[in-house]
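Keep in mind that the numbers below use all heavy atoms, side chains included, and drop hydrogens, waters and symmetry copies. Every chain is numbered from 1 and lettered A, B, ... according to where its sequence line falls, protein lines coming before strand lines.
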Number of protein chains: 2
Amino acid sequence: MAVTIRDVARVSGVHVSTVSRTLSAAHLVSPDTRARVLAAADALGYRPNRAARALSTSRTGNLGLIVADIANPFFPPLVKSAQAQARERDYHVFVADTDERPEVEEELVRSMAKQVDGVLLVAPRLANRVIAELSRELPLVVVNRRLRGVPGVLMDVGSGARQALDHLLGLGHREIALATGPHTAWTSREIERAAEGLAAERGVLLQRIGPNPPTEEGGRSAAEEVAASGASAVLAHNDLMAFGLVRQAAGLGLSVPGDLSVVGVDNSHVAQYCSPALTTVEMPVSAAGRGAVDLLLQAVGAGDPPGTVSLETGLVVRESTAPPRGVGAVD
Amino acid sequence: MAVTIRDVARVSGVHVSTVSRTLSAAHLVSPDTRARVLAAADALGYRPNRAARALSTSRTGNLGLIVADIANPFFPPLVKSAQAQARERDYHVFVADTDERPEVEEELVRSMAKQVDGVLLVAPRLANRVIAELSRELPLVVVNRRLRGVPGVLMDVGSGARQALDHLLGLGHREIALATGPHTAWTSREIERAAEGLAAERGVLLQRIGPNPPTEEGGRSAAEEVAASGASAVLAHNDLMAFGLVRQAAGLGLSVPGDLSVVGVDNSHVAQYCSPALTTVEMPVSAAGRGAVDLLLQAVGAGDPPGTVSLETGLVVRESTAPPRGVGAVD
DNA sequence: CACATACCTGCAAACGTTTGCAAGTATCTC
DNA sequence: GAGATACTTGCAAACGTTTGCAGGTATGTG
């Protein structure tokens, strides 16, 4: 029923192999046959069957993109840019959501393996060992995860976290809490590492809260502990948790930023609209999506694993941070 | 290199066709050979090649999901639920973003056609004629578009819009603007139709503003016109535009809801966090995603086009609406 | 015991491409 | 004008599955 290469061959009076070459190695066919073939293909509305092509070339023209939670506002811009970049290179993208479950993540990679040329793991929750194992079976690129032997794009959230902490210290805060996300997330560990490093330098002790799920709900849970800790400021694992924190803090009678300063991470679209507008670490999400696709295609093409790309982050100061009660700004 | 059905056959000492049957028509093979085959498959870590399977069955096990703008917060929950539902049925999902460009939309469907069993068009911007044409080539399901002959899931935004307008009228507003989105979007026309219908009933004239792109930027543009129109309330095409409106209104010296009441549509995640929290029409987005996948798979399987499913919407009143200046609430 | 029936398995073609190989023709060089 | 060279094309195998057909063995029936 569908029009195949055979139909085009029949109509243009050449062998199928000539049609094939016209379409994928044009320089191997004479100008006039090429013209005839293209005319026929056009007239018939021929589109190559990518599955069939995949079978003989073992190149599918597809990529997999696996994220923990599409509904988390951190991901959509990344999905968007990755998908756009892929399409520009004539690739299609499978998108899958793991619901934050590592075992689903692994199963997804495995089930996609035969159907894609490579997979992008964004903020994977999988154990290093498993990722390394998978990357032996097909080209893999990780985003926000550092793993030797596996190319990756990192958003240097550590430097952003340090800026955030520096900002809070500058405002005069001394009792600062760190609301951590899943310990399987590289960003979470990275934020802890960077923040605690800087805190140590400055002779301040950070209260570590959590881990909690990287969701609004997780932020609410964290709020109780933060309140109990008596901290005057908190650095949340991401914007979603920060929103939950702000919300629940209000429920506990704490105003933000009056009683509690809150800093998020992601600078998701939402951060600028919420009330109070959220001070947050900006992540170069779109660039990461594009870069990851480029890296992946490079790995697919060349076979030699390119290295790790690191992207800058920065702090966006808005309204959710202020000096603690009874203290004027210090810097 | 990859393990194929042939390897499994060799190891288990049967013909490939027996392996194939074991995996896709288990009742046709004796229990003990089945056991042997499964053991071998398991030992080798065999995974069927879906592309090859597609070639002989002409069933790919893939679906396409095409949206106008993944970064628009309306879409992610839909993508998430659709993808989850598909995965439960052992389908993989291609996700593509059209950047609001109809011609990209068409091209995407065509380029996916051979690789999927059906496509979900979410809030398509394409002309009816083109959609109808495409649906003759492969199973199609539309979300938020009414089109005879093409199964679809509709979120009855009209009733939500009427509730919203009723709410505004109840507050005492008489000068109400309608900030419309792309006229190619069904929801946009539906909102206009419903709101203008109700307005006529109540003897009020709506100021139609736009169309503007359904983005924050579009909302900003609309704000100028709304301010010039002297309206005391505005119903925006979606939440994103509503945010832009609120923002730009502030820039023009209008406070929300004091000088201007704003209602959005979508009840996206953001609406509850922004300031002021947005009064908005709630869309059953997750249910729509699941329902659309079910409909599509039904169409793929049975071949008989199922009908149209309509889902309820409702109004969520928050803080962005209030009586107009100098008027107490009427109801 | 002969025959029909049910069950299980192998054979081989088909799905729509790509691609190495060989054969044919035209062009070039001396 | 002969041989070498460069182009262009067709042939057929291969990619990994599925599936209609036929053959074979066991089981059941009278």
For the side chain of Thr57(B), counting heavy atoms from C-beta on, which of dC15(C), dT17(D), dT18(D) is nearest?
-> dT18(D)
Report the nucleotide, chosen from dT9(C), dT9(D), dT17(D), that has the shortest atom-to-atom distance to any side-chain atom of Val29(B).
-> dT9(C)
Whole-Å distance separating the [atom1] atom of [X] from the [atom2] atom of [N]:
| X | N | atom1 | atom2 | value |
| --- | --- | --- | --- | --- |
| Arg50(A) | dG16(C) | CZ | P | 17 Å |
| Arg53(B) | dA14(C) | CZ | C1' | 17 Å |
| Leu55(A) | dT17(D) | CG | P | 9 Å |
| Asn49(A) | dG16(D) | CG | P | 16 Å |
| Arg6(B) | dC11(C) | CZ | P | 13 Å |
| Lys114(B) | dT17(C) | NZ | P | 6 Å |
| Leu23(B) | dT18(D) | CG | C1' | 12 Å |
| Gln115(A) | dC15(D) | CD | C1' | 16 Å |

Closest-nucleotide ordering on DNA chain C, the 5'-leading residue of Ala52(B) and Leu28(B) = Leu28(B)
Could you say whether Val16(A) or His27(B) is positioned toward the 5' end of DNA chain C, judged by the nucleotide with the nearest heavy atom to each?
-> His27(B)
Look at the aromatic rings of Phe94(B) and His92(A) and report parallel, tilted or perpendicular, splitting at 30° and 60°.
-> perpendicular
OP1 or OP2 of [N] sitting under 4.0 Å from any side-chain N/O of [X]?
| X | N | value |
| --- | --- | --- |
| His15(B) | dT9(C) | no |
| Thr33(B) | dT9(C) | yes |
| Thr18(B) | dG10(C) | yes |
| Ser30(B) | dT9(C) | yes |
| Ser20(B) | dT18(D) | yes |

Just jot down the side-chain contact (heavy atoms from CB on, under 4.5 Å) partners of Arg101(A), sequence neighbours excluded, or say none.
-> Asp99(A), Glu103(A), Val104(A)
Electrostatic pair Asp69(A):Arg125(A) at N-O distance under 4.0 angstrom | no
Hey, what do you get for CG (Leu147(A)) to CG (Asn128(A)), rounding to the nearest 0.5 Å?
-> 4.5 Å
Of Ser17(A) and Pro31(A), the one whose closest nucleotide on DNA chain D sits nearer the 5' end is Pro31(A)
Starting at the 5' end of DNA chain D and moving along, which residue's nearest nucleotide shows up first, Arg21(B) or Arg47(B)?
-> Arg47(B)
What pairs of residues pass the ring pair (Phe, Tyr, Trp, His ring centres under 6.0 Å) test when at least one of them lies in residues 37-75 of chain B, not counting sequence neighbours?
-> none
